[in-house]
Amino acid sequence: MQLEDLGLWRDIASALSKSLFITIEVTVLASLVALCVAFVAGTAQLAPWRPVRWLARVYIETFRGTSALVQLFVMFYVLPLLGLRLSPLMVGVVGLGLNLGAYGSQVVRAGIVAIDRGQRDAAVALGLTGWQTLRRIVLPQAIPLMLPPFGNELIEMLKATSLVSLIALTDLTFAGNLFVEQRGHALDVYTALLFTYFILALPLRSLTRHLERRTRLIAGGLSDLATERPI
């Protein structure tokens with residue numbers, strides 16, 4: 001490799017490193033928003049009140065049935081016309097959080113439904129309220145089942161952050177596109193972007209695999225307990 005090539009790669013690394021924090025910040029904050037929204041919308045789908053279930057369904061179908069890019073454009077360009085102006089960072093965090101939260105809500109719903117109905121009936125017989133049953137009986141068993149799918153959602157969130165470059169947020173993709181416009185070398189820049197996103201996803205993949213192993217152990221333990229016979 002010649003000195004000129006080393007200088008080019010150094011310039012690319014310098015340009016991307018300045019925007020690395022933005023990508024990580026959007027991933028972390030949007031994941032927190034998605035997690036909160038997923039639990040609210042997921043439990044709302046199972047609420048005993050029809051209007052609550054209907055509102056949850058409208059939100060989920062709206063955000064799952066439309067493009068995340070369109071949702072970001074609407075929040076960035078249309079909301080200011082209605083008097084609500086958000087910063088590009090806020091649009092990226094809230095937009096991606098709501099989009100991934102709609103998918104995550106199905107994970108929450110499936111995890112809760114997977115718990116045996118008899119346990120909820122027993123909780124009612126013991127006089128527990130719906131909230132107490134959810135907090136003490138259902139969620140402690142359902143959350144381990146939700147962890148692997150949520151790990152995959154984190155990786156999807158990281159990849160989706162590249163969309164915020166289209167609303168003028170200086171993330172990795174934005175910095176790469178700017179470098180190409182100013183100096184060219186598209187092949188080198190996008191190769192660097194490819195490896196950067198891959199390296200960022202590695203800890204998330206390790207976390208996902210760890211959660212899957214933990215879930216199998218927990219599921220195995222619950223299965224053993226279920227098959228134990230009283231002496």
Side-chain angles (χ1 to χ4, degrees), residues 1-38 62-104 150-208:
M1 182 176 291
Q2 299 178 355
L3 289 178
E4 182 180 349
D5 296 329
L6 287 175
L8 171 63
W9 283 104
R10 186 179 62 246
D11 292 344
I12 293 174
S14 176
L16 297 183
S17 64
K18 294 176 182 175
S19 302
L20 181 62
F21 178 75
I22 295 294
T23 293
I24 296 175
E25 185 179 20
V26 172
T27 302
V28 173
L29 295 179
S31 297
L32 293 176
V33 172
L35 189 64
C36 295
V37 171
T62 300
F63 278 87
R64 291 177 67 196
T66 57
S67 165
L69 179 59
V70 174
Q71 293 160 18
L72 291 176
F73 275 139
V74 168
M75 295 181 67
F76 191 70
Y77 292 108
V78 177
L79 289 185
L81 301 178
L82 304 176
L84 181 59
R85 185 178 298 278
L86 302 175
S87 67
L89 177 62
M90 185 65 72
V91 169
V93 169
V94 175
L96 294 180
L98 289 175
N99 181 269
L100 268 295
Y103 291 93
F150 273 135
N152 292 329
E153 293 293 335
L154 282 177
I155 296 175
E156 290 299 321
M157 178 67 78
L158 172 63
K159 293 189 290 186
T161 57
S162 62
L163 296 176
V164 302
S165 65
L166 300 174
I167 56 172
L169 194 58
T170 54
D171 74 320
L172 280 172
T173 304
F174 184 93
N177 290 334
L178 186 63
F179 191 96
V180 172
E181 290 178 4
Q182 293 176 345
R183 299 182 54 178
H185 305 285
L187 178 61
D188 300 309
V189 170
Y190 291 120
T191 300
L193 278 176
L194 176 71
F195 280 102
T196 303
Y197 278 109
F198 178 74
I199 292 171
L200 288 177
L202 282 179
L204 299 179
R205 291 174 62 85
S206 300
L207 175 62
T208 301

Sequence-distant partners of S206, side chain to side chain contact (heavy atoms under 4.5 Å, CB included), two or more places apart: none
Could I get the full list of side chain to side chain donor-acceptor pair (under 3.5 Å) partners for T173, not counting sequence neighbours? Y197
What residues form a ring-ring contact (aromatic ring centres under 6.0 Å, His included) with F76, not counting sequence neighbours? none
Sequence-distant partners of E156, salt bridge (Lys or Arg N to Asp or Glu O under 4.0 Å), two or more places apart: K159
Identify, with sequence neighbours excluded, every residue that meets salt bridge (Lys or Arg N to Asp or Glu O under 4.0 Å) alongside R183. D11
Could you tell me which residues satisfy side chain to side chain contact (heavy atoms under 4.5 Å, CB included) with A192, sequence neighbours excluded, listed by chain and number? W9, I12, L16
A68 and L163 have their tightest heavy-atom pair at CB-CD1, 3.9 Å
Check residues 19-34 and write down every donor-acceptor pair under 3.5 Å in which the side-chain atom is one partner and the other belongs to a residue at least two apart or another chain.
unit_1, atom_1, unit_2, atom_2, d
S19, OG, T170, O, 3.1
T23, OG1, L172, N, 3.2
T27, OG1, T23, O, 2.7
S31, OG, T27, O, 2.6

Spacing of CG belonging to L200 relative to CD1 belonging to I155, to within rounding of 0.5 Å: 11.5 Å
Is any side-chain heavy atom of F73 closer than 4.5 Å to a side-chain heavy atom of L69? yes
According to the side-chain hydrogen bond (donor to acceptor under 3.5 Å, both in side chains) rule, which pairs have a member within residues 68-82, sequence neighbours left out? T66-Q71, Q71-N99
Could you pull out the closest heavy-atom pair between D171 and T161, with the gap in Å? OD2-O, 3.2 Å
Checking V70 now: which residues fulfil side chain to side chain contact (heavy atoms under 4.5 Å, CB included) with it, not counting sequence neighbours? S67, V74
With sequence neighbours left out, the residues meeting side chain to side chain contact (heavy atoms under 4.5 Å, CB included) with L84 are L79, L86
Sequence neighbours left out, what passes side chain to side chain donor-acceptor pair (under 3.5 Å) with Y190? Give chain and number order. N177
Please check if the number of heavy atoms outside R85 that lie under 6.0 Å from its CZ is greater than 12. no
Please find the pair of heavy atoms, one from G95 and one from M75, that lie closest to each other, and give the distance. CA-SD, 3.6 Å
